[in-house]
Amino acid sequence: MLADAYTQLGQYPASYRAVQRMNDLRPDAPALARASYTFELRGRTDQAVTLMRRSLDAASTTGERSFAHTVLSTLALQTGDTRQALREAETGLRNAPGDSALLEARARARAALGQTRQAVDDYRAAIAVAPLPHYLLGLGELQQSLGHKEQAEAQYAVLRGQEAVRRAGRTPADTDAILFEADHGSPSRAVAMAQEALRTRPFIAVHDACAWALHRAGRDAEALRQADQALALGTRSALFRYHRAAIRHTLGDDTAARSDLEAALRTEPHFHPLHATTARALLQRIDETP
């Protein structure tokens, strides 16, 4: 719990020390999974995979095994190995066929492989188990990328309903809600949501969401500072890289934008159903600029 709290507060060295102490005391599946995450945060994917496989070997429950396969699928996607991502998700689902996280992991792998019909089915199955915001957003944006406007809007309507409940409860927004508002609602409201979230949770993903909201609101100088913070640890996130590339391009720094776009598309060519296509088009425009 202490390691998780330090991580979400952006106190990363303290979180690493807590994870190390946890493993010194008892290197079981949860401890090894958290150790894996410390390396994932720093972009050291090979070490993250090694430790997550050790966590899988140490797992004593179906939940621990399912979690390990979900993370291994995600790590495979981050390196562009979509078939390995699919294998990890399917292996996990053989033991836990109703696990929503594994269904969502398989959906993302299938979408990256162009198996969009099966990906839609997996997203729907995951949402039937647990209508979490990132499942709804993933399905909505996949449907939008396929030109299925009404189906996409159905998911967005649920997200708007969840957001209304959050506002009524006066709890800080999560990153999915911020990104959804930035891309499909009011960018200025997304900025306010992100700034509120940062006050209690200055984590890299919140910095990235804030950067994107600021960019969408036309505040790119501020956005760049947030995007740099999101990538300060060396995290290998194609989405974070794309966000910073778009900001840098708007600010006129196409050399830096090209570097981020190339890194994003090299590590995860199909990182997002909508933004990956935009990233390729932006890179082409930059390359064609005299």
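Given the structure is predicted, the values throughout are model-derived calculations rather than measurements.
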Closest contact, heavy atoms only, Val19 versus Ala31:
CG1-O, 4.3 Å

Quick check, are the ring centers of Trp212 and His207 under 6.0 angstrom apart?
no

Would you say Ile127 and Leu136 make side-chain contact, with heavy atoms under 4.5 Å?
yes

With a 4.5 Å cut-off on side-chain heavy atoms, are Pro133 and Asp174 touching?
yes

Check whether more than 12 heavy atoms from other residues, nucleotides or ligands sit under 6.0 Å from atom CZ of Arg54, and answer yes or no.
no

Do the non-hydrogen side-chain atoms of Thr45 and Glu40 ever get within less than 4.5 Å of each other?
no

Mind checking whether Glu64 and Pro30 have side chains closer than 4.5 Å, heavy atoms only?
yes

Residue pairs involving residues 4-17 (criterion salt bridge (Lys or Arg N to Asp or Glu O under 4.0 Å); sequence neighbours excluded)
Asp4-Arg34

Should the heavy atoms of other residues, nucleotides or ligands under 6.0 Å from OH of Tyr12 be counted, would the total exceed 12?
yes

Residue pair Arg241 / Ala264: nearest heavy atoms and the distance that separates them:
CB-CB, 3.8 Å

State which residues pass salt bridge (charged side-chain N to carboxylate O under 4.0 Å, His left out) with Arg219; sequence neighbours excluded, sorted by chain then number.
Glu222

Under 3.5 Å, which donor-acceptor pairs do the side chains of residues 83-90 form with other protein atoms, sequence neighbours left out?
residue, atom, partner, partner atom, Å
Gln84, OE1, Arg87, NE, 3.1
Gln84, OE1, Arg87, NH2, 2.9
Gln84, NE2, Glu88, OE2, 2.8
Glu88, OE1, His69, ND1, 3.0
Glu88, OE2, Arg53, NH1, 3.2
Glu88, OE2, Arg53, NH2, 2.4

Report yes if the side chains of Arg248 and His243 come closer than 4.5 Å at any heavy-atom pair, otherwise no.
no

Would you say Ser237 and Thr235 are linked by a side-chain donor-acceptor pair, where the criterion is simply a distance under 3.5 Å?
no

Qualifying salt bridge (Lys or Arg N to Asp or Glu O under 4.0 Å) pairs, either residue in residues 177-195, two or more places apart:
Glu181-Arg189, Asp183-Arg216

Residue pairs involving residues 263-281 (criterion salt bridge (Lys or Arg N to Asp or Glu O under 4.0 Å); sequence neighbours excluded):
none

Answer with yes or no whether the side chains of Gln118 and Arg110 bring together a donor and an acceptor at under 3.5 Å.
no

In short, ring pair (Phe, Tyr, Trp, His ring centres under 6.0 Å) pairs touching residues 31-68 with sequence neighbours left out are none

Please name the pair of heavy atoms, one in Ala107 and one in Ala119, separated by the smallest distance, quoted to 0.1 Å.
O-CB, 3.4 Å

CG of Leu282 to OG1 of Thr250, rounded to nearest 0.5 Å, is 8.5 Å

About how many Å separate CZ of Arg106 and CG of Asp99, when rounded to the nearest 0.5 Å?
11.0 Å

Quick one: which residue pairs count as a salt bridge (Lys or Arg N to Asp or Glu O under 4.0 Å) with a foot in residues 250-259, not counting sequence neighbours?
Arg258-Asp287

Beyond-backbone contact of Leu103 with Leu93, side-chain heavy atoms, under 4.5 angstrom:
yes

Return the minimal non-hydrogen interatomic distance between Ala211 and Ile247, and the atom names on each side.
O-CD1, 3.9 Å

Could you tell me the separation between the CG atom of Asp122 and the CD atom of Gln115, rounded to the nearest 0.5 Å?
9.5 Å

Heavy-atom side-chain proximity of Gln229 to Ile204 below 4.5 angstrom:
no

Across all chains, not counting sequence neighbours, the side chain to side chain donor-acceptor pair (under 3.5 Å) partners of Arg21 are none

Using the test side chain to side chain donor-acceptor pair (under 3.5 Å), find all partners of Thr38 that sit at least two apart in sequence or belong to another chain.
Arg42

Determine the minimum heavy-atom distance between Pro131 and Gln162, stating which atoms define it.
O-NE2, 2.9 Å

Short N-O contact, Arg108 and Glu104, less than 4.0 angstrom:
yes

Under the side chain to side chain contact (heavy atoms under 4.5 Å, CB included) rule, collect the residues that match up with Leu132, sequence neighbours excluded.
Ala130, His134, Tyr135

Taking side chain as C-beta onward, heavy atoms only, is Leu142 less than 4.5 Å from Gln151?
no

Asp57: which residues meet the salt bridge (charged side-chain N to carboxylate O under 4.0 Å, His left out) condition with it, sequence neighbours left out?
none

Chi angles and distances behind the side chain to side chain contact (heavy atoms under 4.5 Å, CB included) call for Phe240, Asp260
CA-CA 9 Å; Phe240 289 13; Asp260 274 336; over 6 Å; no

Nearest non-hydrogen partners of Gln195 and Cys210, listed with the distance
CG-SG, 4.5 Å

Side-chain donor-acceptor pairs of residues 152-159 under 3.5 Å, sequence neighbours excluded:
residue, atom, partner, partner atom, Å
Glu153, OE2, Arg160, NH1, 2.4
Tyr156, OH, Gly140, O, 3.3
Tyr156, OH, Glu141, N, 3.4
Tyr156, OH, Gln144, OE1, 2.7

Examine distances only and state if a side-chain atom of Thr74 and a backbone atom of Thr70 form a donor-acceptor pair shorter than 3.5 Å.
yes

